[in-house]
Amino acid sequence: MIISLVLASLAIASGTITTYFYDEGASFPSRLCAGACVGLAGLGLIGFLFALFIGLTPLAIVLTAVVLILPFLALLDPAHKKKLTWELVLTRQSVRRTVLHPSLTLLGYFLFYAVVSVILWQVFSRAMIELPEGLYTGLINNFGDLPFHLSVISGFAYGNNFPPEDPTYAGVRFTYPFLSDFVSAIFLRCGASLRQSMFIENYILAISLVGLLHRWALAMLKDRLAAVITPLLVLLNGGFGWVLLWTEPTQGWWERIKNLGPELWASLNNLAPSFTVIPNSTWRWGNALSALLVPQRGILMGLPLAVIVFTQWWLREEKLEKSVKVEEAKGKGRKRKKRKEKADAVATVPAQAPFSLFPFLPLTPSAKRMIAAGIIAGMLPLVHAHSFVVVMAMGGCLALIQRRWRDWFSFFIIATLIAVPQMLWSTHGSSVKAASFFDWQFGWDRGTENAVWFWFKNTGLFIPLIVTAILWRRKKSLISRRLLLFYLPFTLCFIIPNLVKLAPWVWDNIKVLFYWWVASAPLVAMLLARLWRQGRLRRLLAVMIFACVTLAGALDVASIVLNPKEFQVFDSRGIQFAEIVKQHTDPRALVVHAPVHNHPIFLTGRRSLLGYPGHVWTHGLDFVEREREIKSFYAGAPNAEAIIRKYGIEYAVVGPHERNVTSVNDQFFSRFAKVGETGEYRLYKVTQP
């Protein structure tokens, strides 16, 4: 694990140094958060390029580390080294000042990040739990996703899955964005356990996401309280699901009030797994942590990268407006002398300039920000495809609004040059049915429920609060015109997924819908901060509104942290069998087994003829024929031998899963050599020597 931590630290340091090339004026903690996300994404992308040619070998990892060291060459320039050293000194002094002479603001920041760090540690440590009885997860929403991600990680680390095939559907190109799982595979190859390899990456990205949301909101709102509220609104998102705490809806109101205390205490001691997304119901707006960031690892890396891009867009426009104002101030002789002197000072005294990569190629700070944003956006296709689509679509809308064509042109050119090869590579020869991803469907996942009521129930007061923030007109507008214009394109992230199905499983539209929530959170946070400052009654109102908006999500998180439950994914016999398979089979061996989501084969990295049909379907693949043929094979049907030859099957598993979902003909399997066995699990070699 030590080597994995060293490699992760190298990636973070490398990414942090790169921020000095474009992010003028950023604080060191902000650079660290951005550097962690960019560095880990770079680790994955660079490592994958080497692995395509030589596999995920020690040499590939060493070469990746060498490339990650390249940004350190900038420190050979004395000016660059001096700037970085000075920022480290300032950061150290700030930390010391916080400890020895804490101000209320610094103490508040410290407590905020300390509490958030502890909670995120608790949540992500329960994503995968290792017990003597087997592998478990502490999140019910992760029960189906965890085995899939383990199959992807194992395929890279143990199965030499290059070029990648779908781990649940052997023989077809893997089109699912896999870069976050590939980073975990690198850590696994460096000595970390499966659990450690996921936790290291998850925790770094989660903490960084909080810091990046904080910085983005602070840059846009210029309000410290609202900037702190913003990440809380994002991570604790939910609706009115907290009403499910009261389990006796037939009681009268007076009886409810009398029993409020006892019922609430009893409910908190036995929390349900989720108060935001509930199967077989119209509660569908899942909490960010329990339904998205933990189970769906792609968005955990994609979202912070997207927020970095959004931040650079905003800061670029802000800097341009400031420079215009300075020029106007200089040109107006009737301005007061003091104001003119200040404007002249701003215009003539250079800001702390970013590192210069090519001194002979002068670039404005605005151009540097857009080039960097383009590079980061270009990484997204293999990280999280939905995030890439959102970033490019929002960029297109903002380009039409702002009409600063030169900078936007550089962004799109750079992003396209990096992204298109990834997209062409991943879709070349793909068996995905594109038509299964798009269809008209109004109201997202509402079923037959009224669309207005569905969204009010699932998001609570959030949408009314957005409208209130936009329309607020006391003395001056709460939301500036520039912020409103920046926000408007993100409303498409709500409108379009409510009209069109963007994936075979319509619930996956949340991967786009969530960006609307993220962009709206600063507006709601600004409204709450304004109410907080307007007297006791409005302060109380702000607290009540905040609790109403976040309580359902907070209960989801509390259920994970305070009422830990374990949901078994693999039993101990299955884990032992996975080790036997790894010992007795070639890394690229093709294995047939029962099509279930948690088969031990997914821990081996071996190719699977067919995994869980639910996963295969969401990837846009047709599983019906293979599923039918697998049942015929296990039944020993006359075409069983033909099925073996058709797919080139080398091994077959007969175990509890096969006996549960298929009809196993033991006499048929008696003709094959048994190469491994433990408990009820047996591995047969079905190809003839």
Side-chain angles (χ1 to χ4, degrees), residues 37-38 40-42 44-45 48-49 145 148-149 152 156 163-169 172-184 205 209 288 291-293 295-310 373-397 411-412 414-439 444 490 492-493 496-497 500-516 518 615-621:
C37 301
V38 174
L40 288 177
L45 198 58
F48 179 68
L49 290 174
D145 290 88
F148 171 74
H149 289 292
V152 179
F156 289 131
E165 294 182 10
D166 194 309
T168 60
Y169 202 85
V172 303
R173 182 64 63 92
F174 192 29
T175 57
Y176 184 91
F178 53 77
L179 208 63
S180 59
D181 287 328
F182 182 76
V183 170
S184 292
L205 291 173
L209 173 61
L292 289 174
L293 300 180
Q296 303 186 37
R297 305 186 72 232
I299 197 171
L300 179 59
M301 181 179 282
L303 179 58
L305 291 175
V307 172
I308 295 172
V309 175
F310 301 156
I375 293 172
I376 296 169
M379 294 179 174
L380 284 170
L382 291 183
V383 173
H384 191 240
H386 289 83
S387 294
F388 175 71
V389 172
V390 167
V391 167
M392 299 304 284
M394 296 304 98
C397 293
F411 166 78
F412 284 110
I414 296 296
T416 301
L417 288 175
I418 298 174
V420 166
Q422 299 174 57
M423 297 167 65
L424 292 176
W425 175 86
S426 62
T427 57
H428 177 70
S430 170
S431 299
V432 172
K433 294 184 176 180
S436 66
F437 279 78
F438 303 100
D439 198 4
W444 185 40
F490 288 91
L492 295 175
C493 295
I496 294 176
V500 181
K501 185 177 71 169
L502 302 174
W505 185 28
V506 72
W507 189 84
D508 277 343
N509 280 18
I510 196 173
K511 298 173 183 178
V512 174
L513 283 163
F514 191 65
Y515 275 97
W516 157 76
V518 170
H615 289 152
V616 175
W617 169 65
T618 60
H619 296 170
L621 299 170

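Quantities reported herein were computed from a predicted structural model and do not represent experimental measurements.
Side-chain atoms of Asn509 come within 3.5 Å of backbone atoms of Pro497 as a donor-acceptor pair (strictly under, hydrogens ignored). When atom types are taken as modelled, the side chain of Arg173 and the backbone of Pro163 share no donor-acceptor pair closer than 3.5 angstrom. A distance-only check finds no donor-acceptor pair linking the side chain of Gln422 to the backbone of Leu380 [under 3.5 Å].
For the atom pair CD of Gln296 and CG of Asp508, the computed distance is 6.0 Å after rounding to the nearest 0.5 Å. Rounding to the nearest 0.5 Å places OG of Ser180 at 10.5 Å from CG of Leu382. With rounding to the nearest 0.5 Å, the separation of CG in Leu492 from CE in Met394 is 5.0 Å. The structure places CD1 of Ile496 at 14.5 Å from CH2 of Trp516, a figure rounded to the nearest 0.5 Å. Atom CD1 of Ile308 is separated from atom CD1 of Ile376 by 5.0 Å, given to the nearest 0.5 angstrom. Rounding to the nearest 0.5 angstrom, the gap separating the CG atom in Asp439 from the CG atom in Leu502 is 10.5 Å.
When side chains are defined from C-beta on, Leu303 counts as touching Tyr515, because their heavy atoms get closer than 4.5 Å. For the pair Ile510/Trp444, a side-chain contact is recorded, criterion being any heavy-atom separation below 4.5 Å from C-beta on. At least one side-chain heavy atom of Pro164 sits less than 4.5 Å from a side-chain heavy atom of Phe48. Side-chain contact between Val183 and Met301 is present, with at least one heavy-atom pair separated by less than 4.5 Å. Taking the side chain as every heavy atom from C-beta outward, Arg297 and Leu205 never approach each other to under 4.5 Å. Contact of the Val383 side chain with the Pro177 side chain is not registered, since no non-hydrogen atoms from C-beta on lie closer than 4.5 Å.
Contact between Leu292 and Ile299 at its shortest, heavy atoms only, is O-CG2, 3.7 Å. Annotation for Phe412 and Gly395: closest pair CZ-C, 3.4 Å, computed over non-hydrogen atoms. Taking all atoms of both residues into account, the shortest heavy-atom contact from Val391 to Ala377 is CG1-CB, 3.9 Å.
Between Phe174 and Phe148, the ring-plane angle classifies as perpendicular under the 30° and 60° cut-offs. A tilted orientation is assigned to the rings of His619 and Tyr176, their planes being inclined by 30° to 60°.
For Phe411, the ring-ring contact (aromatic ring centres under 6.0 Å, His included) partners are Trp313, Trp408, not counting sequence neighbours. With sequence neighbours excluded, the residues forming a side chain to side chain contact (heavy atoms under 4.5 Å, CB included) with Val172 are Asp166, Tyr169, Ser431, Leu621, listed by chain and number. With sequence neighbours left out, the side chain to side chain contact (heavy atoms under 4.5 Å, CB included) criterion links Trp617 to Pro504, Trp505, Phe623. For His386, the ring-ring contact (aromatic ring centres under 6.0 Å, His included) partners are His384, not counting sequence neighbours. In this structure Asp145 satisfies the salt bridge (Lys or Arg N to Asp or Glu O under 4.0 Å) test with no other residue, sequence neighbours excluded. Every side chain to side chain contact (heavy atoms under 4.5 Å, CB included) that Pro304 has, sequence neighbours left out, goes to Cys37, Leu209, Leu212.
For Phe310 and Phe490, the distance between ring centers is under 6.0 angstrom.
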Would Ser387 and Leu305 count as a side-chain contact (heavy atoms from CB on, under 4.5 Å) here? Give the steps.
CA-CA 9 Å; Ser387 294; Leu305 291 175; over 6 Å; no

For a side-chain contact (heavy atoms from CB on, under 4.5 Å) check, start with the C-alpha distance between His149 and Ser184, then their side-chain angles and the critical distance, and finish with the verdict.
CA-CA 10 Å; His149 289 292; Ser184 292; over 6 Å; no

